[in-house]
Novice: 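Quick one: this structure, given as structure tokens, is what I'll be asking you about.
Worth saying up front: this structure is predicted, and the values here are computed from it rather than measured.
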Amino acid sequence: MRFRPRTPLALASALALATLTPTVATAAPPSEGAQGQEPSVTRSEGLAPTPPMGWNSWNNFGCEVSAKLVRQTAEAMVSSGMKAAGYDYVNIDDCWMAERRGPGGRLVPDPDKFPNGMKTLADHVHSLGLEIGIYATAGTETCAGYPGSLGHERIDARTFAEWGIDYLKYDNCNNRGIPAEERYRAMAEAIETTGEPIVLSICEWGQNAPWKGWGREVGGQLWRTTGDIRDTWTSWTGILDEQVGLTKYSGPNGWNDPDMLEVGNGNMSTAEYRAHFAMWALLNAPLIAGNDLRDMDEPTRRILTDEDLIAVNQDWAGVQGRKIRDDGDQEVWAKPMSDGSVAVALFNRARTNTTISVPAERLGLPPASHYRLRDLWHDTESTSTGTVRGAVGAHSAVVLRVWPRQGERLAPAHSLNLRAPEHVESGEPFTVTTTLHNDGRRPLHEVRLRLRVPVGYTVESGNSAHNRLVRGGGSWQREWTLRPTGTRHAPDSRTLEVAADANSRTGDDTHTATAEQEVTLVSAPASGGIEVSSMPLLSAENGMGPVERDRANGYGERGDGATMSIAGTEYATGLGVHADSVVRLYLGGECERFSAQVGVDDQYDGEGSVEFTVRGDGRTLAETGHREGGQPAVPIDVGVTDTTVLQLRVSDAGDGDYGDAADWAKAQLRC
Ligand code: GLA
């Protein structure tokens with residue numbers, strides 16, 4: 001638990017408490033005495049010896065901030081178990097200020113949103129054993145247009161200190177082109193002058209490479225490495241890609257910040273949120289939750305409070321994980337831990353299941369006769385002779401922690417993978433393959449597989465199988481023939497889950513492994529001319545909320561759901577999207593041409609720049625290049641003969657997604 005330190009001495013002991021992570025598996029610094037004793041941490045160890053953990057209002061609430069929200073969130077942080085898991089900052093983002101500075105040039109909170117002022121609120125948050133953070137901008141105005149702190153650093157830092165603020169997120173909008181280093185240094189020095197231990201979170205979107213030295217040097221404890229995250233798979237995986245090569249710049253009291261978490265905000269699956277959280281844990285990212293803590297479902301709460309994942313993130317050595325293998329859709333990331341183990345993420349970006357394996361030595365572990373493997377999401381442990389393997393679901397990460405020379409008596413490491421096609425056609429048989437690997441030394445006995453399929457599918461090959469023995473180092477593969485028999489509900493596609501159980505006996509123990517995958521039932525479009533907006537979408541990713549049918553997307557001037565409009569011309573049909581967006585359509589080889597009028601929607605009054613790409617089965621069929629807001633629509637008209645899956649992509653053209661509402665207007669197929 002942390003309390004708010006008021007003096008350097010109190011600070012030292014607060015930090016000592018702060019570094020005691022409430023986790024099972026993190027080794028303590030070498031200086032730590034017997035178990036249960038506090039590690040000795042001095043002030044010189046800084047304000048963020050491990051990545052900060054907390055909550056921030058922006059990702060879920062945007063400008064809807066208030067004292068009530070902050071109070072309720074702080075209380076929820078305690079009652080949900082988040083505080084016990086290590087979260088302690090409750091951070092208010094943009095839009096907390098009144099539109100003008102008050103007497104003495106001081107920032108004042110919006111009296112409607114914060115009727116009792118900030119000090120009272122900060123006191124309440126502190127009384128719960130938590131800390132409070134606030135937001136300001138190193139520019140003339142905040143990104144939402146409230147008073148900026150450029151040129152007001154002294155008075156603003158003093159105001160924050162007087163309120164009892166513990167953490168400042170310092171943003172970058174309206175910065176007048178003044179060098180970032182200069183602007184952030186001014187605030188860091190102003191904070192220093194207050195004598196208060198306020199964490200400085202540098203939020204200049206990675207534009208001036210703060211990790212290369214100046215971020216730490218001016219006095220920041222963390223710095224953003226990219227533009228803003230969104231609650232989409234494309235967004236966070238894109239940010240993940242930008243972390244490659246930054247590993248060496250992060251460490252105690254100076255952390256790379258790939259932006260706040262989106263876990264629990266509703267636009268991704270539980271598997272996707274787990275993968276997002278796991279990768280942020282391995283990156284030593286500050287774990288700043290961005291969801292509504294007052295109203296969390298249990299899967300979200302479990303992800304955010306997972307002890308093993310938090311232990312990986314909060315390891316005192318603070319060595320950031322890095323990508324050690326990239327096979328396209330399959331990646332291996334590894335993070336060395338202070339106790340000599342390695343945390344490893346087997347990450348699958350594909351839409352179908354896969355198996356990823358890596359030799360322990362490739363993870364930087366010493367050669368050993370055996371290794372202890374802990375599956376961090378499932379809390380199961382096993383022993384391997386050297387292969388670290390995981391059956392990884394679609395859009396998922398298996399996260400393991402691997403110790404050399406430990407766990408010999410545990411169950412043999414085994415993984416069960418189920419491979420199935422992403423989509424199947426009604427009435428057409430298809431093959432599902434199950435593979436069981438035994439990476440231990442001892443055999444698995446009496447292995448039974450059972451395939452469970454939902455109503456509407458039959459297993460033509462019988463739905464169970466038995467194998468007396470799968471020896472150590474061996475594997476067992478089995479193919480199953482399935483047929484979707486259900487009537488199709490055009491135009492909606494349907495989804496099935498397939499599960500298989502493997503039971504094995506080692507000594508007195510029985511172990512079970514399960515694998516499942518969603519399979520989408522599709523049907524080829526009927527012949528004739530078809531409006532794309534009337535078709536089922538095989539998959540849809542979108543930068544902001546759902547893809548709109550026959551309407552514009554985005555929250556600009558004209559509002560989400562407005563009529564699509566490109567350079568003043570309105571369109572009644574098509575798809576309204578927001579970068580980054582990927583929409584996939586099942587054509588089943590039955591269509592001849594795709595056509596559309598595409599451009600940036602007038603939502604943001606001439607802002608925005610995107611690129612449109614049309615792909616057929618992975619092959620590029622059309623590209624528009626850079627399209628700006630206000631430019632007239634460009635026509636796309638391409639042949640799609642023999643195409644099974646058509647992909648419509650809108651990217652942000654490499655300059656962030658602000659204003660990037662885009663239209664596939666008059667999108668039509670001829671089939
Ligand atoms: C910028 C930041 C975001 C958020 C908003 C608030 O975009 O990068 O994290 O603080 O401003 O306006």
Novice: Taking the ring centre of each residue, are Tyr135 and Trp58 less than 6.0 Å apart?
Specialist: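 No; Trp58 has its ring centre 6.0 Å or more from that of Tyr135.
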Novice: Ignoring hydrogens and angles, tell me if any N or O in the side chain of Arg224 forms a donor-acceptor pair with the backbone of Gly227 under 3.5 Å.
Specialist: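 At least one qualifying donor-acceptor pair exists.
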Novice: Please check: side-chain N/O of Asn175 versus main-chain N/O of Pro179, any donor-acceptor pairing under 3.5 Å?
Specialist: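 The answer is no, because no donor-acceptor pair under 3.5 Å joins these two groups.
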Novice: Does CZ belonging to Arg322 count more than 12 external heavy atoms closer than 6.0 Å?
Specialist: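 Open.
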Novice: Just by distance, do the side chain of Glu204 and the backbone of Gln207 share a donor-acceptor pair under 3.5 Å?
Specialist: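 Indeed, once roles are kept as given, a pair shorter than 3.5 Å links the two residues.
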Novice: If you measure from OG1 on Thr643 to CG on Leu587, what distance do you get to the nearest 0.5 Å?
Specialist: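 These two atoms lie 6.0 Å from each other.
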Novice: Ion pair present between Arg294 and Asp292, side-chain N to carboxylate O less than 4.0 angstrom?
Specialist: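 Yes, charged N to carboxylate O under 4.0 Å.
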Novice: Where do Ala278 and Leu309 come nearest, in terms of heavy atoms and distance?
Specialist: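 Result for this residue pair: CA-CD1, 3.8 Å.
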Novice: I need the minimum non-hydrogen distance between Gln320 and Thr247, along with the two atoms involved.
Specialist: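 Nearest heavy atoms, Gln320 then Thr247: O-CG2, 3.1 Å.
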Novice: Under the salt bridge (Lys or Arg N to Asp or Glu O under 4.0 Å) rule, what do Asp327 and Arg325 come out as? Steps first, then yes or no, please.
Specialist: CA-CA 7 Å; Asp327 301 333; Arg325 206 172 79 199; 3.3 Å; yes
Novice: Kindly compute the distance separating CH2 (Trp223) from OG (Ser250), expressed to the nearest 0.5 Å.
Specialist: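 Answer rounded to 0.5 Å: 7.0 Å.
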Novice: Are more than 12 heavy atoms, taken from residues, nucleotides or ligands other than Lys666, located less than 6.0 Å from that residue's NZ atom?
Specialist: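 Incorrect, the count does not exceed 12.
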Novice: Does a donor on one side chain and an acceptor on the other come within less than 3.5 Å for Asp550 and Ser533?
Specialist: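 Note: Asp550 and Ser533 side chains meet the donor-acceptor criterion.
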Novice: Just by distance, no angles: are the side chains of Arg615 and Thr620 close enough, under 3.5 Å, to form a donor-acceptor pair?
Specialist: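 Per modelled atom types, Arg615 and Thr620 side chains form a pair under 3.5 Å.
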Novice: Determine the minimum heavy-atom distance between Thr225 and Trp211, stating which atoms define it.
Specialist: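 For Thr225 versus Trp211, the nearest heavy atoms are CA-CZ3, 3.7 Å.
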Novice: For the pair Thr142 (side chain) and Ala144 (backbone), establish whether a donor and an acceptor sit closer than 3.5 Å, ignoring hydrogens and angles.
Specialist: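 Checked: pair present.
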Novice: For the backbone of Met544 and the side chain of Asn542, can you confirm whether one donor and one acceptor N or O come within less than 3.5 Å of each other?
Specialist: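 Side chain of Asn542 to backbone of Met544, a donor-acceptor pair under 3.5 Å: yes, one is there.
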Novice: Using the salt bridge (Lys or Arg N to Asp or Glu O under 4.0 Å) criterion, which residues pair with Glu607? Sequence neighbours excluded.
Specialist: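 Scan of Glu607 (salt bridge (Lys or Arg N to Asp or Glu O under 4.0 Å), adjacent residues dropped) gives none.
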Novice: side-chain hydrogen bond (donor to acceptor under 3.5 Å, both in side chains) for Tyr571 and Asp601? Distances and angles first, verdict last.
Specialist: CA-CA 10 Å; Tyr571 298 88; Asp601 192 271; over 6 Å; no
Novice: Does atom CD of Glu64 have more than 12 heavy-atom neighbours, drawn from other residues, nucleotides or ligands, at distances under 6.0 Å?
Specialist: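 Count not over threshold, so no.
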Novice: Ring-plane angle category for Tyr184 and Tyr170, please: parallel below 30°, perpendicular beyond 60°, tilted otherwise.
Specialist: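 Ring orientation, 0 to 90° scale: perpendicular.
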Novice: Side chains of Asn417 and Thr355: do they bring a donor and an acceptor to under 3.5 Å?
Specialist: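 Yes, because at least one side-chain N or O of Asn417 sits under 3.5 Å from a partner of the opposite role on Thr355.
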Novice: Are any non-hydrogen side-chain atoms of Val583 and Leu575 less than 4.5 angstrom apart?
Specialist: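 Counting from C-beta outward, Val583 and Leu575 do come under 4.5 Å.
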Novice: Below 4.5 Å, heavy atoms only, C-beta onward: do Phe612 and Glu623 meet side chain to side chain?
Specialist: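 A side-chain contact is absent here, since even the closest heavy-atom pair is not under 4.5 Å.
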Novice: Distance alone, cut at 3.5 Å: any donor-acceptor contact between the side chains of Asn267 and Tyr273?
Specialist: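 Their side chains do not contain a donor-acceptor pair, so the 3.5 Å distance test is not met.
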Novice: Tell me whether the centres of the aromatic rings in Tyr249 and Trp214 are closer together than 6.0 Å.
Specialist: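 Ring-ring flag for Tyr249/Trp214: false, centres at least 6.0 Å apart.
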Novice: Is the side chain of Asp110 donor-acceptor paired with the backbone N or O of Lys113 at a distance under 3.5 Å, no angle test?
Specialist: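 Checked: pair present.
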Novice: Among Gln330, His395, Glu331, whose side chain to side chain donor-acceptor pair (under 3.5 Å) with Arg349 holds?
Specialist: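 By the side chain to side chain donor-acceptor pair (under 3.5 Å) criterion, Arg349 pairs with just one of Gln330, His395, Glu331: Glu331.
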Novice: Would you indicate whether the side-chain heavy atoms of Gln647 and Val582 approach each other to under 4.5 Å?
Specialist: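 Yes, their side chains come closer than 4.5 Å.
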Novice: Any luck finding a side-chain donor-acceptor pair between Glu541 and Thr234 under 3.5 Å?
Specialist: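 Looking only at side-chain atoms, Thr234 and Glu541 do form a donor-acceptor pair, the distance falling under 3.5 Å.
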Novice: Can you find a heavy atom in the side chain of Leu621 that is under 4.5 Å from one in the side chain of Leu646?
Specialist: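 Side-chain contact under 4.5 Å: yes.
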Novice: Is there a donor-acceptor pair under 3.5 Å between the side chain of Gln517 and the backbone N or O of Asn353?
Specialist: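 Flag set: sc Gln517 to bb Asn353 pair under 3.5 Å.
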Novice: Can you give me the closest heavy-atom contact between Thr563 and Ala552, atom names plus distance?
Specialist: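 Closest approach of Thr563 to Ala552: O-CB, 4.2 Å.
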Novice: Measure the spacing between CZ of Phe430 and NE2 of His423 and express it to the nearest 0.5 Å.
Specialist: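 Result: 12.0 Å between the selected atoms.
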Novice: Measuring from atom CD of Glu611 to atom NE2 of His626, what distance do you get when rounded to the nearest 0.5 angstrom?
Specialist: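 The distance works out to 7.0 Å.
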Novice: If I compare all heavy atoms of Asp663 with all of Ser565, which pair ends up nearest, and what's the gap?
Specialist: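 What the structure gives for the nearest pair is OD2-N, 3.5 Å.
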Novice: Working to the nearest 0.5 angstrom, can you tell me the gap between Ser396 OG and Leu346 CG?
Specialist: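 Interatomic distance, Ser396 OG to Leu346 CG, rounded to 0.5 Å: 11.5 Å.
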Novice: Main chain of Met296, side chain of Thr300: is a donor-acceptor contact present, judged purely on distance under 3.5 Å?
Specialist: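 Between the backbone of Met296 and the side chain of Thr300 there is no qualifying donor-acceptor contact (under 3.5 Å).
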Novice: Decide whether Ser609 and Asp655 meet the rule of one side-chain donor and one side-chain acceptor closer than 3.5 Å.
Specialist: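 Result is yes, a qualifying pair exists.
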Novice: Checking Asn56 against Asp93: is there a side-chain donor and acceptor pair closer than 3.5 Å?
Specialist: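 Yes, because at least one side-chain N or O of Asp93 sits under 3.5 Å from a partner of the opposite role on Asn56.
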Novice: Within a 6.0 Å radius of atom CD on Glu99, are there more than 12 heavy atoms belonging to other residues, nucleotides or ligands?
Specialist: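 Not more than 12 within 6.0 Å, no.
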Novice: Quick one: does Leu293's side chain get under 4.5 Å of Asn291's, heavy atoms only?
Specialist: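 Result yes, sub-4.5 Å side-chain heavy-atom pair found.
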Novice: Between Asn256 and Gln243, do the side chains contain an N or O donor and an N or O acceptor separated by less than 3.5 Å?
Specialist: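 Checked: Asn256/Gln243 side chains show no N/O donor-acceptor pair below 3.5 Å.
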Novice: Regarding Arg230 and the six-membered ring of Trp236, is the cationic atom NZ or CZ under 6.0 Å from the ring centre and inside 45° of its axis?
Specialist: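 No, Arg230 does not sit over the ring of Trp236.
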Novice: Applying side-chain hydrogen bond (donor to acceptor under 3.5 Å, both in side chains) as the test, list every pair that has at least one member in residues 589-600; sequence neighbours left out.
Specialist: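 Non-adjacent pairs meeting side-chain hydrogen bond (donor to acceptor under 3.5 Å, both in side chains): Arg593-Asp637.
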Novice: Between Thr624 and Ile636, is any pair of side-chain heavy atoms under 4.5 Å apart?
Specialist: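 Thr624 vs Ile636: side chains touch.
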Novice: Any side-chain heavy atom of Thr137 within less than 4.5 Å of one from Ser149?
Specialist: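 The answer is no; the side chains never approach within 4.5 Å.
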Novice: Could I get the full list of salt bridge (Lys or Arg N to Asp or Glu O under 4.0 Å) partners for Asp602, not counting sequence neighbours?
Specialist: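 Partners of Asp602 under the salt bridge (Lys or Arg N to Asp or Glu O under 4.0 Å) test: none.
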Novice: In Å and rounded to the nearest 0.5 Å, what is the CE to NE2 distance from Met268 to His276?
Specialist: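 If I round to the nearest 0.5 Å, the distance is 5.5 Å.
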Novice: Do side-chain atoms of Arg183 reach the backbone of Ile178 as a donor and acceptor pair under 3.5 angstrom?
Specialist: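 Yes, the answer is positive, given that a donor and an acceptor are paired below the 3.5 Å cut-off.
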Novice: Testing the 3.5 Å rule here: is there a donor-acceptor pair between the side chains of Asn172 and Trp205?
Specialist: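 No - no donor-acceptor pair under 3.5 Å links their side chains.
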Novice: Would one find more than 12 heavy atoms of other residues, nucleotides or ligands at under 6.0 Å from atom CZ of Arg670?
Specialist: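 Incorrect, the count does not exceed 12.
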Novice: Minimum heavy-atom separation for Phe347 and Thr237, please, with both atom names.
Specialist: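 The answer is CZ-CG2, 4.1 Å.
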Novice: What I'd like to find out is whether the side chain of Val70 reaches to under 4.5 Å of the side chain of Trp96, using heavy atoms alone.
Specialist: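 A side-chain contact under 4.5 Å is absent here.
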Novice: Decide whether Thr458 and Arg483 meet the rule of one side-chain donor and one side-chain acceptor closer than 3.5 Å.
Specialist: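 Per modelled atom types, Thr458 and Arg483 side chains form no pair under 3.5 Å.
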Novice: Please walk me through it: do Asn59 and Asp231 pass side-chain hydrogen bond (donor to acceptor under 3.5 Å, both in side chains)?
Specialist: CA-CA 8 Å; Asn59 284 356; Asp231 185 17; over 6 Å; no
Novice: Give a yes or no on whether the backbone of Thr431 and the side-chain of Thr481 come within a donor-acceptor separation of less than 3.5 Å.
Specialist: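 Flag not set: sc Thr481 to bb Thr431 has no pair under 3.5 Å.
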